[in-house]
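Let me begin by presenting the structure, written as C-alpha cells, before commenting on it.
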Protein chains: 2
Amino acid sequence: MSTTPISRPRRSTYRHGDLRNALLEAGIALARNGGPDAVVLREATRQAGVVPNAAYRHFASREDLLLAVRAHALAQVARAMEVELDKLHPSVGALRYARDSVRAVGTGYLRYAHAEPGLFKTAFSSHERVEADPDPAKAGASGMNPFQLLAMALDRLAAAGGLPPERREGAEYLAWSAVHGLSLLICEGPMQGLPEPVRDVIGQRLLDMVEKGL
Amino acid sequence: MSTTPISRPRRSTYRHGDLRNALLEAGIALARNGGPDAVVLREATRQAGVVPNAAYRHFASREDLLLAVRAHALAQVARAMEVELDKLHPSVGALRYARDSVRAVGTGYLRYAHAEPGLFKTAFSSHERVEADPDPAKAGASGMNPFQLLAMALDRLAAAGGLPPERREGAEYLAWSAVHGLSLLICEGPMQGLPEPVRDVIGQRLLDMVEKGL
DNA sequence: TAAGAAATGTGTACACGGTACACATAAGCT
DNA sequence: AGCTTATGTGTACCGTGTACACATTTCTTA
C-alpha cells in the first residue's frame with residue numbers, strides 16, 4: 001500500500017522538536033476518520049516520523065493519547081455550541097433568549113456530530129465524567145465545556161421562568177440524553193446517510209420535544 | 001494467571017459437536033462483561049476447547065461472530081420490552097393503554113441497558129440498521145425486534161389520538177434518541193454509579209418528557 | 001458398501017498492535 | 001568538562017486476527 005515501505009530518516013536532527021504535538025495532531029487526524037478505534041499509537045508515530053516507542057516519552061499509553069485527542073474533540077464541541085450561542089441576541093426577551101440558548105446548545109452538538117462523526121464519537125467514548133472537569137483543554141473559548149454550557153443554558157431558562165425550579169435539577173441529563181441519542185443515530189446509526197436538511201429538520205423536531213417536555 | 005496453561009485435549013472426539021453454539025455462548029459471555037471489544041475470537045475458541053482457526057468454519061470473521069452476539073442481545077432487548085408490555089391491561093382505556101405501551105417499550109429498553117450494559121452496548125455497536133430487519137434472531141417472543149415494538153406502540157398511540165397524524169412519521173427516531181441517549185449515560189456514561197431507584201426516577205422523567213414533547 | 005466429496009478441526013505462519021527494557025544521543029546545568 | 005536529564009532508537013515479547021495446507025470424520029452416491 002505505502003509507496004515508502006521504510007522511511008526512517010525523515011529528519012536530520014535526532015530530536016523531533018515538537019513530538020508531543022505531532023503525535024496529538026496525528027491522533028486527531030486518525031480519530032477524525034475512523035473514530036476512537038482508529039487512534040493507533042504506531043500509526044501516529046509513523047506519521048510523526050519516529051520509532052513507535054518514542055511515543056512513550058510523551059504519553060503513558062495509547063489510552064493516554066486517546067484522552068488527549070478526546071479533550072481536543074470536547075473543546076471543539078464546546079466551540080460548536082458557542083458558535084450557535086453567539087448567533088443569538090438577548091434583545092428578543094429573556095424567555096425567548098433562554099429557550100433559544102438551550103436550542104443553540106443542542107444545535108451545536110448535533111451539528112458537530114454530523115460534521116465530525118469520528119471526533120464526536122471519540123469525545124464521548126470515554127467513561128470519564130466531564131460535568132465538573134475544570135480542564136481548560138476540554139473547554140471552548142468561553143472557558144466552559146459542553147456540559148457546562150448546557151447547564152448555563154438551562155439556568156438561563158429556569159431564571160426566565162421557562163422551567164419550573166422543581167424540574168431544574170437533573171434537567172441536563174434529560175436534554176443531554178435526547179440530543180446525544182440523536183447524535184449517535186446520525187453519526188453511526190441508521191440516520192447516517194440522510195441528507196443534511198432532513199437531519200436538521202429531525203434535529204429541530206427533537207429540540208421541540210425537549211423544549212415542550214422538559 | 002490460568003491454572004491450566006495448556007489444555008488442548010479437553011475432549012476425546014475430534015469433532016466438537018456443537019461448536020458454533022459454543023462459540024456463540026462464549027461470545028455472549030464475553031460481551032456480557034466487557035462489551036463488544038471484549039468479544040475476542042481466540043478467547044471464545046479457548047473457552048470452547050478448540051484451536052483458534054476452528055472458529056472460521058462457523059464464522060467468517062470476528063466481526064461475524066460479533067454480529068451473531070448482537071442478534072442475541074437485540075432479541076433480549078425485545079424480550080425486556082415485551083415483559084413490560086405484558087404488564088399492561090388494555091382495559092384501562094385506549095389512550096391510556098397506548099401511552100403506557102410507549103412507556104413500557106422505553107422502560108424495557110432502559111431496564112435492559114441497566115441490567116446488561118455489556119450486551120446492551122454490543123446490541124447497538126453496529127452500524128447495521130435494525131428497523132426493517134426481518135431476522136427472527138433479533139426479535140422477541142412476539143416476532144418483533146425492538147424497533148418494531150416501538151413502532152407498534154407509537155401506532156397504537158396515534159390510533160388512540162394521543163399523537164397527531166402529522167407528527168407520527170419519524171416519531172420513532174425522537175423517542176429512540178431520548179431513551180437510547182439515557183441508556184448510554186446509564187451504562188457507560190456519567191450515570192453509571194447511580195443507585196437503581198434514582199435511575200428509575202430519571203428514566204420515568206425522561207419518558208414524561210417524551211410523552212409530553214412527542 | 002466402498003470410494004469420493006464435503007464438513008470440520010489442527011498446525012504452522014504472518015502481520016499488526018501495545019509496550020517493557022536497555023541503549024544512544026542530545027541539551028542543560030554545575 | 002562532566003554529570004544529569006530528556007528524548008529518540010533497537011530489540012524483543014506477547015496477544016490478536018486470519019490465511020493456507022493438512023488431518024480426520026461424516027455424508028453421499030454410485
Side-chain angles (χ1 to χ4, degrees), chain A residues 1-27 29-31 33-70 122 125-126, chain B residues 1-2 4-27 29-31 34-70 122 125-126:
Chain A
M1 296 292 178
S2 172
T3 45
T4 48
I6 296 164
S7 58
R8 182 71 31 246
R10 270 158 70 176
R11 69 184 191 288
S12 50
T13 54
Y14 186 81
R15 291 289 205 277
H16 178 285
D18 194 23
L19 184 51
R20 193 198 140 85
N21 226 285
L23 291 173
L24 181 53
E25 289 301 322
L30 290 170
N33 37 39
D37 291 352
V39 178
V40 162
L41 248 188
R42 288 178 104 110
E43 179 57 30
T45 59
R46 243 170 263 139
Q47 291 185 16
V50 294
V51 111
N53 282 351
Y56 290 90
R57 298 297 175 192
H58 302 276
F59 297 97
S61 63
R62 178 199 113 97
E63 193 59 29
D64 196 33
L65 170 60
L66 196 56
L67 244 55
V69 174
R70 176 173 176 261
T122 306
S125 66
S126 156
Chain B
M1 294 293 177
S2 172
T4 48
I6 295 163
S7 56
R8 180 73 31 249
R10 270 159 68 175
R11 68 185 191 287
S12 50
T13 54
Y14 186 81
R15 291 287 205 277
H16 178 286
D18 195 22
L19 184 52
R20 193 197 140 86
N21 226 284
L23 291 172
L24 180 54
E25 289 302 321
L30 289 170
D37 291 351
V39 178
V40 163
L41 249 189
R42 288 178 104 108
E43 178 58 29
T45 60
R46 242 170 264 139
Q47 290 185 16
V50 294
V51 111
N53 281 352
Y56 290 90
R57 298 297 174 190
H58 303 277
F59 298 97
S61 62
R62 178 199 112 96
E63 193 58 29
D64 196 33
L65 170 60
L66 197 55
L67 244 55
V69 174
R70 178 175 175 259
T122 306
S125 67
S126 157

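Just so we're on the same page: letters track the sequence lines, and every chain starts at 1.
Which of D:dG17, C:dT10, D:dT9 sits closest to the side chain of A:Arg11 comes down to D:dT9. Residue B:Arg15 places its side chain closer to C:dT8 than to any other of C:dT8, C:dT10, D:dG8.
Of the two residues contacting DNA chain C, namely A:Arg57 and A:Leu41, the nearest-nucleotide position lying further toward the 5' end is that of A:Leu41.
Between the P atom of D:dT26 and the CG atom of B:Leu19 lies a distance of 15 Å, rounded to the nearest Å. Between the CG atom of A:Leu23 and the C1' atom of D:dT7 there is a distance of 12 Å, rounded to whole Å. When rounded to the nearest whole Å, the span between OH of B:Tyr56 and P of D:dT16 equals 12 Å. If you measure from atom CZ of A:Arg62 to atom C1' of C:dG17, you get 10 Å, rounded to the nearest angstrom. Separating the CG atom of A:Leu30 from the C1' atom of C:dG17 is a distance of 13 Å, rounded to the nearest angstrom. Atom CG of A:Asn21 is separated from atom C1' of D:dT7 by 16 Å (rounded to the nearest Å). Atom C1' of nucleotide D:dT7 and atom CZ of A:Phe59 are separated by 14 Å, given to the nearest angstrom.
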For nucleotides 12-15 of chain D, tabulate all protein N/O to nucleotide N/O atom pairs closer than 3.5 Å, reporting atom names and distance.
none

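Interface remark: the B:Tyr14 side chain does form a donor-acceptor pair with the D:dA23 base, using a distance-only criterion of under 3.5 Å.
Using a 4.5 Å cut-off on side-chain heavy atoms (C-beta onward), B:Arg11 and B:Val50 make contact. Between A:Leu30 and A:Glu43 there is a side-chain heavy-atom pair separated by less than 4.5 Å.
Within 4.0 Å (heavy atoms only), A:Thr13 reaches no atom of the nucleic acid at all.
The side chain to side chain contact (heavy atoms under 4.5 Å, CB included) check on A:Leu66 picks up A:Pro36, A:Val39, A:Arg62, A:Glu63, A:Thr122, with sequence neighbours excluded.
Between B:His58 and C:dG9 there is a side-chain polar atom (N or O) within less than 4.0 angstrom of OP1 or OP2.
Scanning all heavy atoms of the two residues, the minimum distance from B:Gly27 to B:Val69 falls at C-CG2, 3.8 Å. The two atoms that bring B:Ala68 and B:Phe59 nearest to each other are CB-CE2, 3.9 Å, heavy atoms only.
In this structure a side-chain-to-backbone donor-acceptor pair under 3.5 Å is missing from B:Arg46 to B:Gly49.
Screening B:Val40, B:Val51, B:Leu23 for a side chain to side chain contact (heavy atoms under 4.5 Å, CB included) involving B:Thr45 leaves a single residue, B:Leu23.
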